[in-house]
Asks: 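Before we start, here is the structure in question, set down as structure tokens.
A note on names: the letters A, B, ... follow the listed sequences, proteins ahead of strands, and every chain is numbered from 1.
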2 protein chains.
Amino acid sequence: MSRIPPSPRRPAGRPRRASAAATRPQAVALLAKTFRRDGYDGASLATLSQATGLGKSSLYHYFPGGKVEMAHAVLDFSVDAARRNVFSAVAAPGPPAERLRELLRRMELFFERGTSACILGRLSASVDRDQFREPLTRVFKAQTEAIARLLVEAGVPRPTARARAEDTVISLQGALVLSSGTGDPAPFQRMMARLRRDLLAPVKRTRR
Amino acid sequence: MSRIPPSPRRPAGRPRRASAAATRPQAVALLAKTFRRDGYDGASLATLSQATGLGKSSLYHYFPGGKVEMAHAVLDFSVDAARRNVFSAVAAPGPPAERLRELLRRMELFFERGTSACILGRLSASVDRDQFREPLTRVFKAQTEAIARLLVEAGVPRPTARARAEDTVISLQGALVLSSGTGDPAPFQRMMARLRRDLLAPVKRTRR
DNA sequence: GTCTATATTTTGATAGAC
DNA sequence: GTCTATCAAAATATAGAC
């Protein structure tokens, strides 16, 4: 009697093997993609192995600390990528208003117009988030300060700039939550449009 | 010879047994707390069993569909709790501006001033989020519409009200992400203060 | 460095006594 | 309804050949 082996549970739309990593940096990039999609708790070593095309032993060769070390490497990698590809617009030459427009444009591309999640949000939601608390705190703060700096340059008073900058980081994370949960990138896109409209709005006089 | 059994790995600060559920609704409330803290992927049956004081078999008696059914029950329960304890302020008697103030006050309490997470965000970040996509979409939309309704009543033009309402839902989720990831409730509290200040701000004339 | 194979623990889930 | 005992599968991780 031939038994039909039960097909392994593989979520639809997840490629068995995206490609194969030949170097550690390549592996980190593929791990990043997987952690962003599945979250830290949701990504298993089997998933990560498939995504990188590396056997588990190879993964442990590159990351002796296992999953936690992989996530830390991914976090470093992603933060660096965001700095180079997005936040570099802050210190670019040109008028502040144009740099802000460019920053927002790159942000939108970085998150694939709302179809990709953010590793910061995923790690923040993990049950082991204490493992990542320090870098997360540092990165959220750095992003806020970078945006605030640009707003100040563009003429926004410093306290307002600080508030709007934190609001931008918060809105980014929140919009990605909604777009991830609903499977609809529209909330992210509308949020980006709102930022473009409001970030440089003149400051209202305080009531007296 | 007496053997010393190895103590099971239990994350610090997680109570072995919060209390004991005698009824299904009580169980759901305790499950909700656990899913909010650990996320869907991060909460194991062992965790959920400890949190409710029920054995796994009892859990399966109440929730034959296992973890997914538990999460759906928790989602229903939490949405109902939010409706009764928070959003009921929208339809209360009194001037709209006061109702809005009350809505925000209750929101802040509901999330324990930023020390508690939201089940919507946690499920949105889960690897099995497709399981919850429809209710999540429905709930995010309902929340947005409720807030928009109140803003319109308070005199905000409908398109602006809609945008500000979605921005409120997004900011709520985003602030909870930051507060969860950094372990610091301050971002949530500052965000709430910003909402109080800005939600009823006069609409800027569009440039022409 | 990568593989196959395996060890060990934990997972989600069930059986069956009470 | 709840428990103890148990299952098969999947989890993280390691051993050792090549």
Asks: Tell me the salt bridge (charged side-chain N to carboxylate O under 4.0 Å, His left out) pairs involving residues 182-191 of chain B, sequence neighbours left out?
Replies: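 Output for this query lists A/E166-B/R190.
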Asks: Enumerate the residue pairs fulfilling ring pair (Phe, Tyr, Trp, His ring centres under 6.0 Å) with a member in residues 47-85 of chain B, sequence neighbours excluded, ordered by first and then second residue.
Replies: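 Qualifying pairs, neighbours excluded: B/H72-B/F132.
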Asks: If a pair satisfies salt bridge (charged side-chain N to carboxylate O under 4.0 Å, His left out) and one of its residues is in residues 76-92 of chain A, list it, with sequence neighbours excluded.
Replies: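 The answer is A/D80-A/R84.
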Asks: In whole Å, I'd like the distance from the CZ atom of B/F63 to the C1' atom of D/dG1.
Replies: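 One finds 13 Å between C1' of D/dG1 and CZ of B/F63, rounded.
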Asks: Residues in salt bridge (charged side-chain N to carboxylate O under 4.0 Å, His left out) with A/R196, at least two apart?
Replies: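 Residues passing salt bridge (charged side-chain N to carboxylate O under 4.0 Å, His left out) with A/R196: A/E108.
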Asks: So if I define the base as every atom that isn't primed, P, OP1 or OP2, how would nucleotides 11-18 of chain C read as a B/S/- string at a heavy-atom cutoff under 4.0 Å?
Replies: SBBBB---
Asks: Under the side-chain contact (heavy atoms from CB on, under 4.5 Å) rule, collect the residues that match up with B/T160, sequence neighbours excluded.
Replies: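 B/T160: side-chain contact (heavy atoms from CB on, under 4.5 Å) contacts with B/V156, B/P157, B/R164, B/V203.
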